Amino acid sequence: MCGIIGYAGKHGAKDILLDGLKRLEYRGYDSAGVALFEGNELRTIRAVGTLDALVRKVGPLDLKGTVGIGHTRWATHGGITEDNAHPHRSSDGKISLVHNGVVENFAAIRTFLLSQGYQFSSETDSEVLANLIAYHYQRDGKSRGKNRFLESVRRALLHVQGTYGIAALCLERPQEMVGARNSSPLVLGIGDGECYLSSDAGGFAARTKDVVFLSDGELVWTNGAEFSLTNLGQERLVAKRQELNWDPIAGERNGYSHFMLKEIFEQPQALENAMRGRFSSDGSTAHFGGLAMTPRELRQVERIVLCACGTAYYACLTAEYFIETMARIPVEVEYASEFRYRNAPMDRHTLVLVVSQSGETLDTLEAMREARRKGFRVLAITNGIGSSIAREADGGIYQHAGPEIGVAATKSFTSQLCILAMLALYLGRLRDMSFDEGVQIVEVLKAIPAQAMEVLLQNEAILHIAERHSRCRDMLFLGRQALFPIALEGALKLKEVSYVHAEGHAAAEMKHGPIALITPDCPAFFLACDDFILGKTVSNIHEIRARGGTIIAVVTRGSNIPNEIVDDPIWIPRAHAVAKPILATIPLQLFACHMGILRGCDVDKPRNLAKSVTVE
Ligand code: AGP
């Protein structure tokens, strides 16, 4: 998703903007640009491609301005061209703007503005917004003592349908910057005589941790030395300042070739963090401080709807097995984008739980809002401290997995699985699960970080397997029961970071069609570490081998699977059914990462992908 950075203060804006954009690169983008004041002149420099292309343009320029905005663009409206890159300038030259989101009624506004003599040089909805602000700025003249620039932004946004996070500059107010948000995140950073705006606090966290997260419908004005917070209704608001919990070191690669690889190896620590302080003193259950629901209320829950997107959705599919097994509560798993329009019948004893690493995925945020509009209590599991989803949920659980910079979710996924397993344990102990069973599950969960480290020791072996298959064009991922969603996740990881076409299926479903794809060039990756139905999976392996297919398989050390039927085995330690999905995920992540690197792909910033999808 697009990255926004803005600065108003006493230091040179150029380096601050470029540094901020560098820290937002991981969000995924295809062009970038900055606009900053040089005296009373407003300079705009943009470039298509990587940030280096922009740095090559801006670096040599002796730009001393202390106010500016920057942007990395993930194209929604309009192709990947310099004209479509942000910042956009109004045709009268008075307004410069960067935008994250979608102006849904941009066509009607554009037609109106054309009739008022405004011109356009891009295909974007964002340029329409810049001209709309300029229109109001021009029309409103003296705003009777009010801040004319801020008022023009406010009046423009009243006409906008859609989503936005913006930062804007005004040629006639060279010391000022205005920001606003509706569904696309925007955070204000407060320094000593300077202020920052960003779509992600990571854009300026190395410079200040004193932040204000804007909520929908809010606007912020600043001249660096001071700031004010208002809303579309012109009400003056009291800013809720927070101390950001940010570890700049965690945002570095620390010797790994890629963030994705680093974050795969951070999983034992992330799993420890997910569990830290969350087991009862008698060791028989889990507990969470932020659920905002009493045990008695949780006992009343008779159905759970899980909503998420992408990898988080696969975590929910896995959690269905955890919760239905441990707590015997029926679970429905929904794509957030489908749930929000489906008007699913839900009785009053239904609990809605959303899962989102970023806490900013718009489909998941809107699914949560729809459930709350219907009066349902919504809990959230997220890694995004202070994120939109975290702030709007009725309660929830933070993952504490640390920043996940790689676009492909890795540690956040196994962290979600761990927390969902702990939640299933908690719900189970509120129902029929015995003390002894609870103690056993707690011990199983506590053992996972060490077991994960054992799986990571196979990194070299998995690299060699990837080398043997790096030329393949298609791949099937197959698993049963709680390992079926892990097969789906393995396919997604491979697609995302290596661009190899991959499909995940329930292993038994292979015979109902997908087996037609099997050739020596289409290997099958089995999660063959289930226990009680391993024999069925072995049959599936034979069926594929009989048709010339190659077999890669995650297998349990010491299992009785015949060695000769698996061409490339990857071993995981013998583990409980609750631990297996987490442990079996790690080989898939490593395989995908190595395949992507071997195929020359940028596994940290895969083409067309964004870390947080804040558009619908
Ligand atoms: C995962 O590798 C992808 N990057 C993507 O599917 C992601 O899981 C999805 O966009 C949901 O993101 P969230 O967890 O931040 O809501």
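Order of appearance sets the numbers: ligands from 1, and atoms from 1 within every ligand. Every value quoted in this text rests on a predicted model; they were computed, and no experiment measured them.
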For ligand 1 and Thr364, I'd like to know whether there is a polar contact (N/O to N/O, distance under 3.5 Å). no

Just say parallel, tilted or perpendicular for the rings of His99 and His86, cut-offs at 30° and 60°. parallel

Check each of Arg340, Glu392, Glu370 against Leu365 using the side-chain contact (heavy atoms from CB on, under 4.5 Å) test, and report the only one that passes. Glu392

Of all protein heavy atoms, the one nearest atom 2 (O) of ligand 1 is Glu496 OE1, 2.6 Å

Under the salt bridge (Lys or Arg N to Asp or Glu O under 4.0 Å) rule, what do Glu332 and Arg303 come out as? Steps first, then yes or no, please. CA-CA 8 Å; Glu332 176 92 29; Arg303 186 164 171 269; 3.3 Å; yes

Of all protein heavy atoms, the one nearest atom 9 (C) of ligand 1 is Cys309 O, 3.8 Å

For Tyr314, run the side-chain contact (heavy atoms from CB on, under 4.5 Å) check against Thr585, Val355, Leu492, Leu417 and tell me which one passes. Leu492

Is the closest heavy atom of Ser612 to ligand 1 under 4.0 Å? no

Any nitrogen or oxygen of Ala409, main chain or side chain, under 3.5 Å from a nitrogen or oxygen of ligand 1? yes

Show the atoms of ligand 1 that are less than 4.0 angstrom away from any heavy atom in Ala312. 8 (O), 14 (O)

Shortest protein heavy-atom distance from atom 4 (N) of ligand 1, along with the residue and atom involved: Val407 O, 3.0 Å

Tell me the protein heavy atom at minimum distance from atom 14 (O) of ligand 1, and give that distance in Å. Gln357 N, 2.7 Å

Close-contact set for ligand 1 against Lys493 heavy atoms, below 4.0 Å: 1 (C), 2 (O)

Whether Glu360 lies under 4.0 Å from ligand 1, heavy atom: no

Nearest protein heavy atom to atom 12 (O) of ligand 1, by residue and atom, and its distance? Thr361 OG1, 3.4 Å

Return the orientation label for the Phe525 and Phe591 ring planes: parallel under 30°, perpendicular over 60°, tilted otherwise. perpendicular

Could you check whether Lys493 and Thr410, counting side-chain N and O atoms only, form a donor-acceptor pair closer than 3.5 Å? no

Assess the side chains of Asp474 and His501: does a donor N or O sit below 3.5 Å from an acceptor N or O? yes

Students should be able to answer this: which protein heavy-atom is nearest to atom 10 (O) of ligand 1, and at what distance? Val613 CG2, 4.0 Å

I want to check a possible cation-pi pair here: Arg207 against Tyr196, using under 6.0 Å from ring centre and within 45° of the ring axis as the test. no

If you measure every N/O of Ala408 against every N/O of ligand 1, is any gap under 3.5 Å? no

In terms of residue, atom name and distance, what is the protein heavy atom nearest to atom 8 (O) of ligand 1? Thr311 N, 3.1 Å

Working for side-chain hydrogen bond (donor to acceptor under 3.5 Å, both in side chains), residues Ser612 and Glu360: CA-CA 6 Å; Ser612 174; Glu360 298 298 349; over 6 Å; no

Backbone N or O of Glu404 within a donor-acceptor pair of the Lys411 side chain at under 3.5 Å? no

Test of proximity, Ser358 against ligand 1: N or O pairs below 3.5 Å: yes

